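Here the structure is laid out as structure tokens; the discussion comes afterwards.
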Amino acid sequence: MSADALKHALQVASRAIGAPDNTEIILERPRDPSFGDWTTNLAMTLAKPLGKKPRDLAQALSSALDLAAAGVAKVEIAGPGFLNFRLDPGAQASGIARIVDDAVHWARSNTGGGKRANIEFVSANPTGPLHVGHGRQAALGDAIATMLEWTGWNVSREFYYNDGGTQIENLAKSVWIRIAQQFGIAVEIPEGGYNGEYIKEIAGAVIAEKGDELILAHVREGAEAIAAGKHPADANLFDRLRAEAVAALRREQDKDMQAFGVSFDTYFLESSLYTDGKVTQTVDALVKGGHTFEDGGALFLRTTEFGDDKDRVMKKSAAKGGDYTYFVPDVAYHVTKWQRGFARAIDVQGADHHSTVTRVRAGLQALEMGIPQGYPEYVLHQMVTVMKDGEEVKISKRAGSYVTVRDLIDWVGRDAVRYFFLMRKGDSQLVFDVDLARSESEENPVYYIQMAHARLSGIFRVGEIDATTLRGAGTDLSPLTAPEEQLLVKALLDFPALVEGAAQALEPHRIAGWLLETARLTHTWYHKHHVLNEPPPIMNARLVLARATQLSLAAGLRLLGITAPERM
RNA sequence: GCGCGAGUAGCUCAGCUGGAUAGAGCGUCGGCCUCCGGAGCCGAAGGUCGUGGGUUCGAAUCCCGCCUCGCGCACCA
């Protein structure tokens, strides 16, 4: 890109005026385009080491600069000592040729060098439908995964199923109670159980399919046992109900994710960590490594050695049941990620999980397996508040009343849901106003962006031009000199660096912001300048610009998992 | 009390790792439809960037104190 030539020319010029060899040249886009195409604060940063005034240095740099080599049409000194550069418009416009000629590689890079990255997201317990928080995770995780793919990582999307533990027991108990109730037995779901309508549906399905096999006496006995805080005598039936319930909810969750357009490469079951012996292996290794101690009959891990403010229990005392605490399988799980060859592991989770960060990393460090300190990386998103009918919908699994991902998709459409979740930074809290999203669905930002894409497609449709046959390299792009065209060209040329930055920061919302801005520039340009039926040199140049813009908008939308319609 | 996150326009939020006159969407007000899609375009109003210090040529951005709000601080998962 021409900016590289400019950077190099500045390097040469700065040495000529006596700057240290290691001086870093930083080029930026000025906030105000009237200042030029590129700006640098080089004169200001050199002021101190060289002991001269910034404006004098700017003057010296300007004189020493080889304009032709830098591709610069004009240099200005402004403010406290900024150097502003204006590139030759035609030369700048020629940069978009390669977008059209090599769209497949546009905004792609190989920063990751083909190394493997694991993105774990959603990871909902199979105890209920996916709620809005999972929706935010799905949108974030999928977009992050795609961004990493585009920047050269070999990505695997993973869903971790917490299919063991107390919550699943409570799920099975809840189903049991609902079945009993449908047989007319007067019992209530105990504390910690699940009250949602879907439990009734599962219970109903079990009765419909296998009602003949149910023995009423067993159902009654079990229901009363559950109500009394005990276990049903018919363990077989209990296991079967648990399996049925988990399977039913997994099916539902899969359907939700399918409706959202997200698919996973791997579904990892927590239970497999136990059956494969990974949990005991991990515990043994930690004990052998000398990072554990016993106290009060419980086994502790010295997580304080690795930055935690308190040592954590790994294995409860016999009096408390002797089970492992949740973070032990979590550590074992992340060991498998490392062993499966993932150079990076990224966990997308709600901010309420942040206490696990230190613990899991501490566990991995304590194993002394050469796992990097920052492994795994976490993208924690803040809570989502749902507003509906003017008031906040309380998210409560217990009451069973909460907004699901499916609800959102039904209300505002998949593309809009994706965009709304991604237009904000993950670590700011988010108010999802359902009424607003619904009422605005005709005028919301995602349609605005898609409209820009559809309009460009319309040019080719109306002009009966096969856009795929356009070539940038042989086309004279110097007619693209109008301010609206130059702004659009710059926005397109900035796209690869933006993707790179967004991927590095794991921040998809930057893509969303770029899309909105570029769509705005597109509409402005489209409104002011015609493409078809202009003199050939102008039409041909504008066709390339239209095509480059269309491809770039489509690329940005695709990164976020949003469709780019040809017409709306 | 400790840890993490947030506090920017009436509302919802950006601000690209310290730059010039702080932006967008929605909302409000006012213009533009014989021309590739008006699901659009153009313009206006609206800000002591929570607050008090500090760092420097320069701070919404970095450091410290304080104030609000959210989340987390179990031998729960």
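Predicted model only: the values in this text are computed from it and were never measured. Here is how names work: the chains are called A, B, and so on, in the same order as the sequence lines, proteins then strands, and each is numbered from 1. Reckoned from all heavy atoms, side chains included, excluding hydrogens, waters and symmetry mates.
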- Query: Looking at A:Thr40, does any N or O in its side chain come under 4.0 Å of the phosphate oxygens OP1/OP2 on B:G19?
  - Reply: no
- For RNA chain B, which residues in residues 524-535 of chain A have a heavy atom at a distance below 4.0 Å? A:Thr524, A:Tyr526, A:His527, A:His529, A:His530, A:Val531, A:Leu532
- Measure the distance between the ring centre of A:Phe82 and the centre of the six-membered base ring of B:G19, then answer whether it is under 5.5 Å with planes under 30°. no
- Query: Within the modelled atom types, does a donor on one side and an acceptor on the other bring the side chain of A:Glu28 and the base of B:G19 under 3.5 Å apart?
  - Reply: no
- Query: Within less than 4.0 Å of OP1 or OP2 of B:G5, is there a side-chain N or O belonging to A:Lys425?
  - Reply: no
- Message: Base, sugar-phosphate or nothing for A:Ala319? Non-hydrogen atoms, less than 4.0 Å.
- Response: nothing
- Which whole number of Å gives the distance between the C1' atom of B:A22 and that of B:C4? 27 Å
- Task: Looking at every strand, decide which applies to A:Thr39 at a 4.0 Å heavy-atom threshold: base, sugar-phosphate, or nothing.
- Result: base
- Query: Relative to the 5' end of RNA chain B, which residue comes earlier, A:Arg520 or A:Arg455, by the nucleotide with the nearest heavy atom?
  - Reply: A:Arg520
- Message: For B:C75, does the base pair up with any side-chain atom of A:Ser317 as donor and acceptor (N or O, under 3.5 Å, distance only)?
- Response: yes
- Message: Mind checking if A:Pro80 touches a base, just sugar-phosphate, or nothing, with heavy atoms under 4.0 Å?
- Response: base
- Have a look at A:Leu498 and say if it touches a base, only the backbone sugar-phosphate, or nothing, with a 4.0 Å heavy-atom cut-off. nothing
- Contact class for A:His354 vs. all strands (heavy atom < 4.0 Å): base, sugar-phosphate, or nothing? base
- Let me know the distance between CG of A:Asp308 and C1' of B:C2, rounded to the nearest Å. 12 Å
- May I have the distance from A:Asp330 (atom CG) to B:A77 (atom C1'), rounded to whole angstrom? 10 Å
- Message: Classify A:Gly458 by what it touches in the nucleic acid, base, sugar-phosphate, or nothing, heavy-atom distance under 4.0 Å.
- Response: sugar-phosphate
- Determine, step by step, whether A:Arg547 and A:Gln550 satisfy the side chain to side chain donor-acceptor pair (under 3.5 Å) criterion, reporting the C-alpha distance in whole Å, the side-chain angles of both residues, the deciding distance to 0.1 Å, and the verdict. CA-CA 5 Å; A:Arg547 179 62 174 163; A:Gln550 183 199 30; 2.7 Å; yes
- Mind checking A:Gly81 for me? I need base, sugar-phosphate or nothing, with any heavy atom below 4.0 Å counting as a touch. nothing
- Query: What is the nucleic acid contact for A:Ala47, judged by heavy atoms within less than 4.0 Å: base, sugar-phosphate only, or nothing?
  - Reply: nothing
- Message: Under 4.0 Å, counting only non-hydrogen atoms across every strand here, what does A:Asn162 touch: a base, just sugar-phosphate, or nothing?
- Response: sugar-phosphate
- Touch check for A:Thr166, heavy atoms < 4.0 angstrom, all strands: base, sugar-phosphate only, or nothing? sugar-phosphate
- Give a yes/no answer on whether the side chain of A:Arg359 brings an N or O atom under 4.0 Å of OP1 or OP2 in B:C73. no
- Message: By the 4.0 Å heavy-atom rule, please label A:Asn41 as base, sugar-phosphate, or nothing.
- Response: base
- N/O (side chain, A:Tyr447) to phosphate O (OP1/OP2, B:G25) under 4.0 Å: no
- Message: Quick check: any donor-acceptor pair below 3.5 Å linking the side-chain of A:His353 to the base of B:G72?
- Response: no
- Rounded to whole angstroms, how far apart are CE on A:Met451 and P on B:A39? 6 Å
- Message: Could you tell me how far apart A:Tyr324 (OH) and B:C75 (C1') are, to the nearest whole angstrom?
- Response: 14 Å
- Task: Could you state the atom-to-atom distance from CZ of A:Arg461 to C1' of B:G37 in whole Å?
- Result: 8 Å
